[in-house]
Every structure is written in structure tokens, then in C-alpha cells.
Amino acid sequence: MPGTTTEKLMANINYACGSGLADCRAIQEDGLCYSTDIIKVANYAMNAYYYGAGHEDFNCYFDGSGRIVYDDPRLRISLMKQTGSFMKQAGLLEDTIEFEV
């Protein structure tokens, strides 16, 4: 969830990866998904736990710091960028913000 503290994200990673239900090898230092971005690491660990524990809503709660997302947020960002570009060309928007995910 937005606004979750770094300490809570670390606790979620430790819980998910220590549970035996999530395969967290990919986010280890030599893993394919290793990152220093705590949000990306927590996202991976919490998602792996959710799937490993059986796809139940309560397996994604993490004391209120997790949520289930049913769509791919990258698609929303792409659509927002396209919409912003269209609005700028139409003179409805003065500037757009470019960002990478």
C-alpha cells in the first residue's frame, strides 16, 4: 500500500521469505530479480507468498500493507502517458511528466 514504511516492508519481506511458502531466491543478491529498491523487493516477496500460500485474499493482507491488484499497473502508466501526449497535442495540457517503471 502507498505510504508503507521501509521498516514494515522489511518485516513483510522477512515474513514472506521466512515462511517457507515463498521462493525468494530470485531477490537474493545473486538472483535474477535482485534490486536495492525495497519496494520492488517487497512486491516480489509478498507476491511470491500470496501465490505460495494459495491465492487467498487474506494471504495478501500483511497487516494492512498489502493489496491485491487485478490489472497490470504498467498498462495504466502506458495509457496515462498516451493520454497525456494526446492532451498536450490538443493544447489541453501544458506539460507532461515522463517516468519509467
Would you be so kind as to tabulate the donor-acceptor pairs closer than 3.5 Å made by side chains of residues 60-68, with sequence neighbours excluded?
from, atom 1, to, atom 2, distance (Å)
Asp63, OD2, Lys8, NZ, 3.1
Ser65, OG, Asn12, ND2, 2.8
Ser65, OG, Phe62, O, 2.6

Listing, residues 25-32 side-chain donor-acceptor contacts under 3.5 Å, not counting sequence neighbours, or none:
from, atom 1, to, atom 2, distance (Å)
Arg25, NE, Asp23, OD1, 2.8
Arg25, NE, Asp23, OD2, 3.3
Arg25, NH2, Asp23, OD2, 2.6
Gln28, NE2, Cys24, O, 3.3

Without placing hydrogens or testing angles, list every side-chain donor-acceptor pair under 3.5 Å for residues 45-54, not counting sequence neighbours.
from, atom 1, to, atom 2, distance (Å)
Tyr49, OH, Tyr15, OH, 3.4
Tyr50, OH, His55, O, 3.3

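- Listed by chain and residue number, Phe58, Asn59 satisfy the side chain to side chain contact (heavy atoms under 4.5 Å, CB included) test with Glu56 (two or more places apart in sequence, or in another chain).
- No donor-acceptor distance shorter than 3.5 angstrom exists from the side chain of Asn43 to the backbone of Ile39, with no hydrogens or angles considered.
- With a 6.0 Å radius and a threshold of 12 heavy atoms from other residues, nucleotides or ligands, Ile38 has its CD1 atom above the threshold.
- Hydrophobic cluster of Tyr34: no remaining members, since no ILVMFWY side chain lies below 4.5 Å from it.
- Between Leu9 and Ala42, the shortest heavy-atom contact is CD2-CB, 3.8 Å.
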